[in-house]
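Below: the structure, in structure tokens.
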Amino acid sequence: MNKWMRLFALVCVFSVTAAACGSDEEASAFKQCKVGETDGDFNFYNWSEYMDPDLITAFEEQFGVTVTEDFYPSNEEMFGRVEVGASGYDMIIPSDYMVSILISEAMIQPVQAAAVPNKPNVSETFEDPPYDPGAVYTSAYQWGTTGIGVDIGVTGEVPHTWGLLFDAGLAEEFGLAGKITILDDPRETMGAALKYLGYSLNSTSESELAEAEQVIADAVSRVAAFDSDQYGDLMVTGETIVGHGYSGNFLWDFEEGDSEYDYFVPDEGGTIWVDNMAVLADAPHPCTAFAFMNFLLDAENGAQLTNFNWYASPNAASEQFIDQEVLDNTIIYPTDMSKLEFISDTGDFEINFTDALSRARS
Amino acid sequence: MPAVATQGLEHQAERAKSRQGFLLGLPAIVYLLVFFVIPLGIVIAYSFATRTRSGRTELNDWNVEAYRRLGEDVVRAVAFRSLWIAVLTTVVCLVLAYPLAYFISTRSPAVRNMMLVGVMIPFWSNFLIRTYAWRVLLDSDGLFTQMVSAVGLGDGRILFTSNAVILGLVYGYLPFMVLPLYASIERIDWSLVEGARDLYASGWMAFRRVVWPLSRPGVIAGSILVFVPSFGAFVTPAILGGNKKGLMGSYIVDQFLDARNGPLGASLSVVVLGVMLVGTLIYFRQGGRTL
């Protein structure tokens, strides 16, 4: 008798849990939000060192909500977290190619124009991006390039090539062994090796990717760390000399160092990317998320973000509020865009990039 | 008749006691069921699942592909590297901890307790923070680097090498070796050693024939307590080793987060769990009883 009671209780617990899980999926239409409407605290999943804490505070005060921020080092890691569902995050900042993937997997919801009246502030360039035609699902956050930062106080003038990361001869010449960091990011890292070999960073040729994998594998012994968030720090503390990373982060950290530094996109070409605000399909607080999107698309707030993180702003209305030294900086706003390439979604081939990077360093 | 009644009462009392025990244990049982047994089941299920071309794990088409991949050179290299680092860490810990435990257990009780508290003090702050602190000590102009080069032992730069990983692991797990060693050395009956010396055993002989065998349970327990977490270490290799040349722990994390290969990550986890299970079994058979 007792045994049956226990079993019954257990079955009850499970069925209640199952029912709670099942009911989520039945809500098909997204909740509609009004301008400035909030529906709870905001859970923000962003790249590290990418958001001005003052803007977060301002948003919290203006809307009376609490913002929780978590950080990720690569698009793939973020995707891994949110694809399982019920991540609890409201907004993510995926890059271009990852937006295509998220749309095709129905993991993000359309931007509600009614709740985001500032959306027209976005410059024409980003109104109809290839990864999200018509910018239906996303709104551009910031854009920039991926390249190489060098402590030229140590090396003197260096050739502008990806070989600084990968070539044994150059490492010898400039004393780089054990002083190199490379991004911990499948598309960026494999992309850099592909560019070094003269291929497109969107190559879907297995043999080209295998060559790139070999390039990384050969370089591992000279690499200090695969790192996506501390490469600038490591350089200005003198731990490394050459780093693979994002334009704005380098500029930011260079300010703190005593040596002389340079950032460039190698002559073989590099990545241009756009990171975008997207609200997850299963966001627990979508209205707060759209309120935040609208908040950041405000002309002055957008300018404040660029003045803070030194990445280029997609917000046309913001330009008049952006510091002149930022607008004039060719590292932030490159004049020659011809050798830059977008990372695009390679569909089924995507997983090969992650596998190649995983194999190359193990 | 009366006898039967008493038996019935006793039986009832026993059942009441057992029911009471069950109710008291219920929260912990539910907790372990929900947060340990079920997740473990999921891990095992994942290890037989299918990974789609987009990196999703689908719980159908059950297969042993992920286990087949464990034989690949890459995985073997990672496993052997982890094994090597774990063995090295265990040996270094043992060599450092044995004399220390011996020293502590031969002090007066008051001093002993002070020293034991000293061994445990590092646990008062978070392991992650302490590991980051090592990064500061180990960087080019860090204290450790300067000290090593000052004594003339090379340039002392070991950050982002496997030496730094071993250093971090030894630092982190040394107390796990000291405490069981202390526990078993402390309870040795020293009159046995005196007896050995009376029979003209040399100091070394008395140690080898009396102290060492009696402290063996502590050696085994400590070695397993150090070996098992070193084998699966994740934080230390990532922070002090620069996240390259994967070790088992980081390789598994990479499978789930970076490569999004759930089945392979899960099958690796099952193997690590197997290694830990064997370790624990040895522990219970040889050392666990005396602790």
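Order of the sequence lines fixes the chain letters, A, B, ..., with proteins taken first and strands second; residue numbering starts at 1 for each chain. Note that the coordinates shown come from a computational prediction; the quantities given were computed from them, not determined experimentally. In what follows, every heavy atom counts, from backbone to side chain, and hydrogens, waters and symmetry copies are set aside.
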* From CA spacing to verdict: side-chain contact (heavy atoms from CB on, under 4.5 Å), B:Arg135, A:Leu234 -> CA-CA 11 Å; B:Arg135 185 137 153 186; A:Leu234 288 167; 3.5 Å; yes
Between atom [atom1] of [X] and atom [atom2] of [Y], what is the distance when rounded to the nearest 0.5 Å?
X        : Y        : atom1 : atom2 : answer
A:Asp355 : B:Leu264 : CG    : CG    : 9.0 Å
B:Asn261 : A:Thr354 : CG    : OG1   : 8.0 Å
B:Leu138 : A:Glu239 : CG    : CD    : 9.0 Å
A:Gln230 : B:Ile239 : CD    : CD1   : 8.5 Å
B:Phe256 : A:Arg81  : CZ    : CZ    : 12.0 Å

Would you say [X] has more than 12 foreign heavy atoms packed within less than 6.0 Å of its [atom1]?
X        : atom1 : value
A:Glu260 : CD    : no
B:Trp62  : CH2   : yes
B:Asn60  : CG    : yes
B:Phe234 : CZ    : no
A:Glu172 : CD    : no
B:Phe127 : CZ    : yes
B:Phe123 : CZ    : yes

Could you look at [X] and say if it's the side chain, the backbone, both or neither that has a heavy atom under 4.5 Å from chain B?
X        : answer
A:Asn352 : side chain
A:Asp227 : side chain
A:Glu350 : neither

* What residue in A:Ala225, A:Ser74, A:Ser358 has the most heavy-atom pairs under 4.5 Å with chain B? ->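 Looking at each of A:Ala225, A:Ser74, A:Ser358 in turn, A:Ala225 comes out on top.
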* Asked: Which one of A:Val223, A:Ile101, A:Thr237 has the most heavy-atom pairs closer than 4.5 Å to chain B?
  ->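 If we count pairs closer than 4.5 Å to chain B, A:Val223 comes out on top.
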* Contacting region of B:Gln255 [heavy-atom separation from chain A under 4.5 Å] ->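 For B:Gln255, the contact with chain A is made by the side chain alone.
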* To do: Would you mind checking which part of B:Asp139 comes under 4.5 Å of any heavy atom in chain A, side chain (CB onward), backbone (N, CA, C, O), both or neither?
  =>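 Both backbone and side chain.
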